[in-house]
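Residues take their numbers from the sequence shown, with the count starting at 1. The structure displayed is predicted, hence computed values, not measured ones. Reckoned from all heavy atoms, side chains included, excluding hydrogens, waters and symmetry mates.
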Amino acid sequence: MVATSSGETIKAVFAIIVSVFALSLGDAVIKATSLSLPLWQMYILRSALTLPPLLLIAIKRGRGAHSLRVSGWSVLRSFLLVVMWLSYYVSLPLVPLSLAAAVYYTSPIFILMITAILAHRLPSVRACLAIACGFLGVVLVIRPDATGFDFAALLPVLSAFLYACAMVLTSAKCRDDDPFVLAIVLNVTFIVFGAGLGLFSGEEGAFLLGPWQTIDLSLIITVAVLAALILIGSVGAAIAYQRGAPATVAAFDYSYLLFSTVWGVAWFGEWPGPFTYLGFVLIIGAGLLAIKRQKANVAALAK
(Lines give C-alpha, C1' and ligand atoms only; values in the text may rest on other atoms or scores of the structure.)
Protein backbone atom coordinates (compact mmCIF):
# COMPACT_ATOMS: atom_id res chain seq x y z
CA MET A 1 0.00 0.00 0.00
CA VAL A 2 1.40 3.37 -1.01
CA ALA A 3 1.40 6.06 1.64
CA THR A 4 -1.30 8.70 1.19
CA SER A 5 -0.25 11.12 3.94
CA SER A 6 2.89 13.04 4.75
CA GLY A 7 2.93 11.39 8.18
CA GLU A 8 3.14 7.90 6.69
CA THR A 9 5.81 9.04 4.25
CA ILE A 10 7.91 10.43 7.10
CA LYS A 11 7.57 7.12 8.98
CA ALA A 12 8.59 5.20 5.85
CA VAL A 13 11.64 7.40 5.28
CA PHE A 14 12.67 7.08 8.93
CA ALA A 15 12.25 3.29 8.75
CA ILE A 16 14.40 2.89 5.65
CA ILE A 17 17.14 5.12 7.07
CA VAL A 18 17.21 3.07 10.28
CA SER A 19 17.21 -0.09 8.16
CA VAL A 20 20.17 0.85 5.97
CA PHE A 21 22.02 2.23 9.00
CA ALA A 22 21.71 -1.18 10.68
CA LEU A 23 22.59 -3.15 7.55
CA SER A 24 25.60 -1.01 6.69
CA LEU A 25 26.84 -1.24 10.28
CA GLY A 26 26.46 -5.02 10.13
CA ASP A 27 28.49 -5.16 6.92
CA ALA A 28 31.18 -3.03 8.55
CA VAL A 29 31.27 -5.39 11.55
CA ILE A 30 31.68 -8.36 9.20
CA LYS A 31 34.53 -6.62 7.41
CA ALA A 32 36.16 -5.68 10.72
CA THR A 33 35.97 -9.26 12.07
CA SER A 34 37.01 -10.94 8.83
CA LEU A 35 40.22 -12.35 10.32
CA SER A 36 38.63 -13.83 13.43
CA LEU A 37 35.30 -15.34 12.38
CA PRO A 38 34.90 -17.60 9.31
CA LEU A 39 31.97 -16.60 7.16
CA TRP A 40 30.31 -20.03 7.19
CA GLN A 41 30.32 -20.08 11.00
CA MET A 42 28.83 -16.60 11.07
CA TYR A 43 26.06 -17.80 8.74
CA ILE A 44 25.15 -20.63 11.14
CA LEU A 45 25.40 -18.73 14.42
CA ARG A 46 23.68 -15.55 13.23
CA SER A 47 20.71 -17.42 11.76
CA ALA A 48 20.50 -19.70 14.81
CA LEU A 49 19.96 -16.57 16.94
CA THR A 50 17.57 -14.99 14.42
CA LEU A 51 15.30 -18.00 13.88
CA PRO A 52 13.60 -18.29 17.32
CA PRO A 53 12.02 -14.80 17.35
CA LEU A 54 11.04 -15.16 13.70
CA LEU A 55 9.34 -18.50 14.38
CA LEU A 56 7.44 -17.10 17.35
CA ILE A 57 6.23 -14.09 15.37
CA ALA A 58 5.29 -16.16 12.31
CA ILE A 59 3.38 -18.74 14.36
CA LYS A 60 1.53 -16.03 16.27
CA ARG A 61 0.65 -14.15 13.07
CA GLY A 62 -0.50 -17.35 11.37
CA ARG A 63 -2.33 -18.76 14.41
CA GLY A 64 -0.31 -21.95 14.64
CA ALA A 65 2.67 -23.84 13.26
CA HIS A 66 0.49 -25.37 10.52
CA SER A 67 0.34 -21.92 8.87
CA LEU A 68 4.06 -21.98 8.00
CA ARG A 69 3.63 -22.96 4.36
CA VAL A 70 6.84 -23.05 2.35
CA SER A 71 6.85 -22.89 -1.45
CA GLY A 72 9.57 -24.06 -3.80
CA TRP A 73 9.90 -20.51 -5.11
CA SER A 74 10.72 -19.26 -1.61
CA VAL A 75 13.52 -21.85 -1.39
CA LEU A 76 14.94 -20.72 -4.74
CA ARG A 77 14.66 -17.09 -3.63
CA SER A 78 16.55 -17.89 -0.43
CA PHE A 79 19.28 -19.70 -2.36
CA LEU A 80 19.79 -16.67 -4.61
CA LEU A 81 19.98 -14.35 -1.59
CA VAL A 82 22.42 -16.54 0.32
CA VAL A 83 24.79 -16.72 -2.67
CA MET A 84 24.28 -12.97 -3.13
CA TRP A 85 25.39 -12.23 0.43
CA LEU A 86 28.24 -14.72 0.08
CA SER A 87 29.56 -12.84 -2.96
CA TYR A 88 29.20 -9.49 -1.21
CA TYR A 89 30.76 -10.55 2.09
CA VAL A 90 33.70 -12.28 0.40
CA SER A 91 34.47 -9.00 -1.38
CA LEU A 92 34.60 -6.95 1.85
CA PRO A 93 38.11 -7.96 2.98
CA LEU A 94 39.37 -7.35 -0.57
CA VAL A 95 37.88 -4.00 -1.58
CA PRO A 96 36.88 -0.78 0.23
CA LEU A 97 33.45 -0.93 1.86
CA SER A 98 32.21 2.16 -0.01
CA LEU A 99 33.26 0.64 -3.36
CA ALA A 100 31.45 -2.65 -2.64
CA ALA A 101 28.34 -0.75 -1.54
CA ALA A 102 28.29 1.50 -4.60
CA VAL A 103 28.62 -1.38 -7.05
CA TYR A 104 26.02 -3.41 -5.16
CA TYR A 105 23.51 -0.60 -5.63
CA THR A 106 23.41 -1.25 -9.36
CA SER A 107 20.74 -3.85 -8.48
CA PRO A 108 17.82 -1.59 -9.62
CA ILE A 109 19.44 -1.46 -13.06
CA PHE A 110 19.64 -5.26 -13.19
CA ILE A 111 16.01 -5.48 -12.06
CA LEU A 112 15.06 -3.17 -14.90
CA MET A 113 16.95 -5.26 -17.45
CA ILE A 114 15.65 -8.63 -16.17
CA THR A 115 12.02 -7.54 -16.00
CA ALA A 116 12.19 -5.94 -19.43
CA ILE A 117 13.55 -9.17 -20.94
CA LEU A 118 11.07 -11.47 -19.17
CA ALA A 119 8.13 -9.17 -19.90
CA HIS A 120 9.18 -8.98 -23.58
CA ARG A 121 9.29 -5.21 -23.49
CA LEU A 122 11.85 -3.11 -25.29
CA PRO A 123 13.77 -0.76 -22.98
CA SER A 124 12.63 2.84 -23.17
CA VAL A 125 14.94 5.78 -23.74
CA ARG A 126 14.87 6.41 -19.96
CA ALA A 127 15.79 2.78 -19.30
CA CYS A 128 18.69 2.90 -21.76
CA LEU A 129 19.91 6.11 -20.13
CA ALA A 130 19.74 4.46 -16.69
CA ILE A 131 21.73 1.46 -17.91
CA ALA A 132 24.37 3.67 -19.55
CA CYS A 133 24.73 5.91 -16.47
CA GLY A 134 24.94 2.90 -14.18
CA PHE A 135 27.61 1.25 -16.31
CA LEU A 136 29.68 4.43 -16.42
CA GLY A 137 29.31 4.84 -12.66
CA VAL A 138 30.55 1.30 -12.03
CA VAL A 139 33.55 1.87 -14.29
CA LEU A 140 34.45 5.02 -12.36
CA VAL A 141 34.06 3.32 -8.99
CA ILE A 142 35.96 0.15 -9.84
CA ARG A 143 38.83 1.70 -11.84
CA PRO A 144 39.06 5.43 -10.99
CA ASP A 145 42.79 5.67 -11.72
CA ALA A 146 42.98 3.17 -14.61
CA THR A 147 46.20 1.66 -13.17
CA GLY A 148 44.87 -1.88 -12.92
CA PHE A 149 41.85 -4.02 -12.30
CA ASP A 150 40.97 -6.07 -9.25
CA PHE A 151 38.60 -8.90 -10.11
CA ALA A 152 37.40 -8.89 -6.50
CA ALA A 153 35.51 -5.71 -7.44
CA LEU A 154 33.29 -7.84 -9.67
CA LEU A 155 31.93 -9.76 -6.68
CA PRO A 156 29.57 -6.90 -5.67
CA VAL A 157 28.40 -6.81 -9.30
CA LEU A 158 27.52 -10.50 -9.04
CA SER A 159 25.75 -9.88 -5.74
CA ALA A 160 23.73 -7.04 -7.32
CA PHE A 161 22.66 -9.32 -10.17
CA LEU A 162 21.65 -12.14 -7.81
CA TYR A 163 19.71 -9.70 -5.62
CA ALA A 164 17.88 -8.43 -8.69
CA CYS A 165 16.98 -12.01 -9.66
CA ALA A 166 15.69 -12.66 -6.13
CA MET A 167 13.58 -9.49 -6.07
CA VAL A 168 12.04 -10.20 -9.48
CA LEU A 169 11.24 -13.72 -8.27
CA THR A 170 9.73 -12.31 -5.09
CA SER A 171 7.44 -9.99 -7.03
CA ALA A 172 6.43 -12.56 -9.63
CA LYS A 173 6.14 -15.78 -7.59
CA CYS A 174 6.26 -14.99 -3.84
CA ARG A 175 3.89 -12.04 -3.70
CA ASP A 176 1.40 -13.81 -1.41
CA ASP A 177 3.93 -15.49 0.89
CA ASP A 178 4.10 -14.39 4.51
CA PRO A 179 7.20 -12.17 4.82
CA PHE A 180 8.11 -13.76 8.13
CA VAL A 181 7.94 -17.23 6.56
CA LEU A 182 10.22 -15.98 3.78
CA ALA A 183 12.63 -14.76 6.45
CA ILE A 184 12.51 -18.15 8.19
CA VAL A 185 13.25 -20.01 4.95
CA LEU A 186 16.12 -17.61 4.27
CA ASN A 187 17.70 -18.19 7.67
CA VAL A 188 17.30 -21.97 7.41
CA THR A 189 19.03 -21.75 4.01
CA PHE A 190 21.84 -19.76 5.65
CA ILE A 191 22.33 -22.55 8.19
CA VAL A 192 22.27 -25.32 5.56
CA PHE A 193 24.61 -23.38 3.26
CA GLY A 194 26.95 -22.57 6.13
CA ALA A 195 27.07 -26.21 7.20
CA GLY A 196 27.86 -27.20 3.61
CA LEU A 197 30.74 -24.72 3.41
CA GLY A 198 31.94 -25.92 6.80
CA LEU A 199 32.62 -29.37 5.32
CA PHE A 200 35.45 -27.77 3.31
CA SER A 201 36.93 -25.68 6.13
CA GLY A 202 40.52 -26.04 7.19
CA GLU A 203 42.89 -23.13 6.54
CA GLU A 204 43.49 -21.15 9.72
CA GLY A 205 42.56 -17.47 9.41
CA ALA A 206 40.68 -17.85 6.10
CA PHE A 207 37.66 -15.55 5.94
CA LEU A 208 35.39 -17.93 4.02
CA LEU A 209 36.54 -21.44 5.00
CA GLY A 210 38.45 -20.99 8.22
CA PRO A 211 38.04 -23.67 10.90
CA TRP A 212 35.25 -23.51 13.48
CA GLN A 213 36.24 -21.23 16.32
CA THR A 214 35.69 -21.84 19.98
CA ILE A 215 32.64 -19.89 21.08
CA ASP A 216 33.59 -17.37 23.73
CA LEU A 217 31.85 -14.30 25.13
CA SER A 218 33.28 -11.90 22.53
CA LEU A 219 32.16 -14.17 19.68
CA ILE A 220 28.67 -14.50 21.15
CA ILE A 221 28.42 -10.72 21.45
CA THR A 222 29.59 -10.21 17.85
CA VAL A 223 27.09 -12.70 16.45
CA ALA A 224 24.28 -11.34 18.64
CA VAL A 225 24.99 -7.83 17.34
CA LEU A 226 24.92 -9.09 13.74
CA ALA A 227 21.65 -10.95 14.35
CA ALA A 228 20.05 -7.87 15.91
CA LEU A 229 21.24 -5.63 13.07
CA ILE A 230 19.91 -7.89 10.33
CA LEU A 231 16.57 -8.15 12.15
CA ILE A 232 16.35 -4.36 12.42
CA GLY A 233 17.39 -3.98 8.79
CA SER A 234 14.93 -6.49 7.38
CA VAL A 235 11.97 -5.36 9.48
CA GLY A 236 12.73 -1.69 8.83
CA ALA A 237 12.84 -2.24 5.08
CA ALA A 238 9.55 -4.14 5.15
CA ILE A 239 7.84 -1.34 7.11
CA ALA A 240 9.28 1.32 4.81
CA TYR A 241 8.11 -0.29 1.57
CA GLN A 242 4.69 -1.08 3.06
CA ARG A 243 4.05 2.48 4.22
CA GLY A 244 5.82 4.62 1.65
CA ALA A 245 5.81 5.09 -2.10
CA PRO A 246 8.49 2.74 -3.55
CA ALA A 247 10.27 5.49 -5.50
CA THR A 248 10.44 7.72 -2.41
CA VAL A 249 11.68 4.92 -0.15
CA ALA A 250 14.22 3.76 -2.74
CA ALA A 251 15.67 7.27 -2.97
CA PHE A 252 16.47 7.21 0.76
CA ASP A 253 17.61 3.58 0.50
CA TYR A 254 20.71 5.00 -1.16
CA SER A 255 21.74 6.53 2.17
CA TYR A 256 23.45 3.16 2.63
CA LEU A 257 26.23 4.58 0.45
CA LEU A 258 26.69 7.49 2.86
CA PHE A 259 26.78 5.22 5.91
CA SER A 260 29.17 2.74 4.28
CA THR A 261 31.50 5.59 3.33
CA VAL A 262 31.44 6.86 6.92
CA TRP A 263 32.25 3.38 8.30
CA GLY A 264 34.96 2.92 5.69
CA VAL A 265 36.67 6.18 6.62
CA ALA A 266 36.18 5.88 10.40
CA TRP A 267 37.08 2.20 10.82
CA PHE A 268 39.37 1.35 7.93
CA GLY A 269 40.80 4.66 6.68
CA GLU A 270 39.26 4.08 3.22
CA TRP A 271 38.92 7.50 1.60
CA PRO A 272 37.11 7.43 -1.77
CA GLY A 273 38.72 9.40 -4.59
CA PRO A 274 36.97 12.13 -6.62
CA PHE A 275 36.14 9.77 -9.51
CA THR A 276 34.57 7.37 -7.03
CA TYR A 277 32.26 10.12 -5.77
CA LEU A 278 31.28 10.88 -9.35
CA GLY A 279 30.57 7.19 -9.82
CA PHE A 280 28.34 7.26 -6.72
CA VAL A 281 26.28 10.09 -8.24
CA LEU A 282 25.90 8.28 -11.57
CA ILE A 283 24.90 4.99 -9.92
CA ILE A 284 22.34 6.69 -7.68
CA GLY A 285 20.89 8.64 -10.62
CA ALA A 286 20.74 5.50 -12.76
CA GLY A 287 19.07 3.55 -9.95
CA LEU A 288 16.38 6.18 -9.46
CA LEU A 289 15.68 6.26 -13.20
CA ALA A 290 15.45 2.47 -13.22
CA ILE A 291 13.11 2.38 -10.22
CA LYS A 292 10.66 4.70 -11.95
CA ARG A 293 10.53 2.38 -14.96
CA GLN A 294 10.67 -1.12 -13.47
CA LYS A 295 7.28 -1.00 -11.69
CA ALA A 296 5.28 -1.60 -14.88
CA ASN A 297 7.48 -4.51 -15.96
CA VAL A 298 7.25 -6.25 -12.58
CA ALA A 299 3.47 -5.84 -12.60
CA ALA A 300 3.34 -7.48 -16.02
CA LEU A 301 5.37 -10.45 -14.79
CA ALA A 302 3.07 -11.00 -11.82
CA LYS A 303 0.03 -11.52 -14.07
Worksheet item: Where does the angle between the aromatic ring planes of W85 and F190 fall among parallel (under 30°), tilted (30 to 60°) and perpendicular (over 60°)?
Response: tilted
Could you measure the distance from the [atom1] atom of [X] to the [atom2] atom of [Y]? Nearest 0.5 Å is fine.
| X | Y | atom1 | atom2 | value |
| --- | --- | --- | --- | --- |
| I30 | Y88 | CD1 | OH | 9.5 Å |
| L182 | S78 | CG | OG | 7.0 Å |
| F161 | T106 | CZ | OG1 | 11.0 Å |
| L45 | I220 | CG | CD1 | 9.0 Å |
| L54 | L186 | CG | CG | 9.5 Å |

Worksheet item: So, for F21 and W263, is the gap between ring centers shorter than 6.0 Å?
Response: yes
Can you find a pair of side-chain heavy atoms, one from [X] and one from [Y], that are under 4.5 Å apart?
| X | Y | value |
| --- | --- | --- |
| L97 | W267 | no |
| S87 | L162 | yes |
| L155 | Y89 | no |

Worksheet item: Can you name the nearest heavy-atom pair linking I44 to G194, along with the distance?
Response: CD1-C, 3.8 Å
Looking only at atom types and distance, does a side-chain atom of [X] sit under 3.5 Å from a main-chain N or O of [Y], one as donor and one as acceptor?
| X | Y | result |
| --- | --- | --- |
| T189 | V185 | yes |
| T50 | R46 | yes |
| S255 | L258 | no |
| K31 | V95 | yes |
| W40 | P211 | no |

Worksheet item: Passes side-chain contact (heavy atoms from CB on, under 4.5 Å), L219 versus Q41? Steps please.
Response: CA-CA 11 Å; L219 179 58; Q41 184 180 359; 3.7 Å; yes
Worksheet item: Would Y163 and F110 count as a ring-ring contact (aromatic ring centres under 6.0 Å, His included) if you check the C-alpha gap in whole Å, the side-chain angles of each, and the deciding distance to 0.1 Å?
Response: CA-CA 9 Å; Y163 178 79; F110 283 116; over 10 Å; no
